[in-house]
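Reading through the structure tokens given below for one structure.
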Amino acid sequence: MTPIQIVFIIIAAVTLGSALMVVSARRVMHSALWLVLTLLGVAILFALLDSRFFVVVQVIVYIGAIAILIIFAVMLTRHAMSDEGSPLNRYWWAGALVAAVFLASLIGILSTWGNFSTQVRTATQGGENLVTLGLSFVDPSGYLVPFEVASVMLLAALIGAVYVALERRGEKK
Amino acid sequence: MIPLSWFLIFSAALFAIGLFGVMSRKNTITILMSIELMLNAVNVNLLAFWSYLYGAQLDGLVFVAIVFAAAAAETAVGLALIISAYRRYQTVVADDLDLMKG
């Protein structure tokens with residue numbers, strides 16, 4: 001066991017434990033706060049994968065924007081659910097069964113794959129080359145089209161979200 | 001060094017937890033959070049494959065960036081829908097939003 005493996009096991013255990021708390025916490029606000037811890041754990045795993053850029057993106061986009069947006073939504077719909085009663089629906093056991101079967105079969109299929117336990121890395125140590133990545137996003141023979149499509153999608157989502165959530169006059173309160 | 005399999009097993013477990021949350025929670029906001037868990041599991045998987053197998057190419061990184069953009073768009077629209085439904089029906093429980101039930 002090298003120190004980096006011990007670090008991985010601790011981070012993975014904390015992340016999976018807080019992910020379990022996200023889906024099992026009784027109060028939605030607690031779920032949202034556990035979600036922040038899960039996202040932070042995933043960010044640390046990105047760092048273990050030598051991807052510095054996506055560590056920063058994970059913290060800014062997921063924790064800074066998405067988690068805060070979810071917390072705002074929880075606050076706006078706060079009294080919609082009483083905290084009594086199970087947060088799970090009647091068929092939660094079926095959901096657990098499907099998830100367990102899915103997990104077992106996924107690991108079973110992956111373990112037959114030749115590269116499953118490879119330890120050799122092809123990525124350069126010390127993070128990805130950000131200049132090459134940035135240039136490939138504006139290169140027509142690279143990823144210009146996906147990049148522009150993603151921009152248009154974000155704009156459409158912005159306009160759509162404002163339109164859907166807009167309070168119209170005369171709407172039934 | 002950490003074997004690739006550890007990352008794959010971790011992300012499979014995270015995805016399964018998210019799948020359980022989507023199928024079992026009553027509250028639509030928590031369902032959205034579970035979807036975020038699944039998207040994170042996918043990102044860990046993509047970056048693990050990039051780091052171990054395709055470090056010379058950029059495709060893995062571009063894919064992760066697009067997944068981030070899709071996740072942000074999905075959350076914004078999803079929360080807008082939930083807030084709109086809450087305003088109209090005063091509920092965020094998935095079982096009670098059954099207007100289109102046959």
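First the proteins, then the strands, lettered A, B, ... as listed; each starts at 1. If you're wondering where the values come from, they're calculated on a predicted model, not measured in any experiment. Worth knowing before you read on, the calculation uses all heavy atoms, side chains too, and leaves out hydrogens, waters and symmetry mates.
- Grouping the Ile, Leu, Val, Met, Phe, Trp and Tyr side chains by contacts below 4.5 angstrom, directly or via other members, places A:Leu106 with A:Leu45.
- Contact of A:Tyr163 with chain B is not made at all, since no heavy-atom distance falls under 4.5 Å.
- Heavy atoms of A:Leu88 lying under 4.5 Å from chain B belong to its backbone as well as its side chain.
- Using a 4.5 Å cut-off between heavy atoms, A:Ala156 makes no contact with chain B at all.
- Contacts of A:Leu69 with chain B are made by both backbone and side-chain atoms, with heavy-atom separations under 4.5 Å.
- Counting heavy-atom neighbours within 6.0 Å of A:Phe137 CZ, excluding the residue itself, gives a total above 12.
- Comparing B:Leu19, B:Leu79, B:Asp95 by how many heavy-atom pairs each has under 4.5 Å with chain A, the most go to B:Leu79.
- Checked against a 6.0 Å centroid threshold, the rings of A:Trp113 and B:Phe49 count as neighbours.
- The part of A:Val120 that comes within reach of chain B is its backbone (N, CA, C, O), which places non-hydrogen atoms under 4.5 angstrom from that chain.
- For chain B, the nearby parts of A:Ser31 are the backbone and the side chain; heavy atoms of each come within less than 4.5 Å.
- Heavy atoms closer than 4.5 Å to chain B are found in both the backbone and the side chain of A:Ser117.
- Going from atom CG of B:Asn43 over to atom CZ of A:Phe54 covers 8.0 Å, rounded to the nearest 0.5 Å.
- Going from atom CE of A:Met29 over to atom CD1 of B:Ile29 covers 9.5 Å, rounded to the nearest 0.5 Å.
- When B:Val77, B:Thr30, B:Leu58 are compared by the number of non-hydrogen pairs under 4.5 Å with chain A, B:Leu58 comes out ahead.
- Interface remark: A:Leu97 contributes no atoms to any contact with chain B (heavy atom separation under 4.5 Å).
- The closest donor-acceptor contact from the side chain of A:Asn89 to the backbone of B:Met23 lies under 3.5 Å.
- Contact of B:Phe7 with chain A is made through backbone and side chain together, with heavy-atom distances under 4.5 Å.
- With a threshold of 4.5 angstrom between heavy atoms, A:Ser151 does not approach chain B through any atom at all.
- Residues A:Ile70 and A:Val164 do not share a hydrophobic cluster, defined by chaining ILVMFWY side chains whose heavy atoms lie under 4.5 Å apart.
- The parts of A:Ala19 that come within reach of chain B are both its backbone and its side chain, each placing non-hydrogen atoms under 4.5 angstrom from that chain.
- Note on B:Val44: it does not cluster hydrophobically with A:Val56, by side-chain heavy-atom contacts below 4.5 Å among ILVMFWY residues.
- Proximity to chain A (any heavy atom under 4.5 Å) is shown, for B:Ala71, by both the backbone and the side chain.
- Here the side chain of A:Gln5 pairs a donor or acceptor atom with the backbone of B:Met1 at under 3.5 angstrom.
- One hydrophobic cluster, built from ILVMFWY side chains closer than 4.5 Å, holds both B:Ile66 and A:Leu130.
- At least one side-chain heavy atom of A:Tyr62 sits under 4.5 Å from a side-chain heavy atom of B:Asn40.
- Contact count against chain A (heavy-atom pairs under 4.5 Å) is highest for B:Ser5 among B:Ser5, B:Ala65, B:Gly60, B:Ala80.
- Taking A:Thr2, A:Leu35, A:Leu16, A:Thr132 one by one and counting their heavy-atom pairs under 4.5 Å with chain B, the maximum is reached by A:Leu16.
- Among the candidates A:Ala150, A:Ala12, A:Ser111, the residue making the largest number of heavy-atom pairs closer than 4.5 Å to chain B is A:Ala12.
- Rounded to the nearest 0.5 Å, atoms CG (A:Leu154) and CZ (B:Phe68) are 12.5 Å apart.
- In this structure, OG1 in A:Thr15 is found 8.0 Å from CG in B:Leu14, a value given to the nearest 0.5 Å.
- Among A:Val57, A:Leu158, A:Leu155, A:Val162, the residue making the largest number of heavy-atom pairs under 4.5 Å with chain B is A:Val57.
- Note: B:Val62 leads B:Ile83, B:Thr75, B:Val62 in heavy-atom pairs under 4.5 Å with chain A.
- At a 4.5 Å heavy-atom cutoff, the contact between B:Ala70 and chain A is made by backbone and side-chain atoms alike.
- Between the CG atom of B:Leu37 and the OG1 atom of A:Thr38 there is a distance of 6.0 Å, given to the nearest 0.5 Å.
- Of the two parts of A:Phe72, neither the backbone nor the side chain holds a non-hydrogen atom closer than 4.5 Å to a non-hydrogen atom of chain B.
- Between chain A and the residues B:Ile82, B:Leu81, B:Val64, B:Val22, the largest count of heavy-atom pairs under 4.5 Å involves B:Val64.
- In this structure, chain B has a heavy atom under 4.5 Å from the side chain of A:Leu110, while its backbone stays farther away.
- When side chains are defined from C-beta on, B:Leu61 counts as touching A:Ser51, because their heavy atoms get closer than 4.5 Å.
- The nearest pair of heavy atoms linking A:Gln119 to B:Pro3 is NE2-CG, 3.9 Å.
- Separating the CZ atom in B:Phe20 from the CG atom in A:Leu20 is a distance of 8.5 Å, to the nearest 0.5 Å.
- Looking only at heavy-atom pairs under 4.5 Å with chain B, the residue among A:Tyr91, A:Phe102, A:Phe46 that has the most is A:Phe46.
- For the options B:Ala41, B:Ser11, B:Ala13, B:Ala56, heavy-atom pairs under 4.5 Å to chain A are most numerous at B:Ala13.
- Here A:Ala73 is the residue among A:Gly160, A:Ala94, A:Ala73 with the most heavy-atom pairs under 4.5 Å with chain B.
- There is no path of hydrophobic side-chain contacts, each under 4.5 Å, that joins B:Leu97 to B:Ile31.
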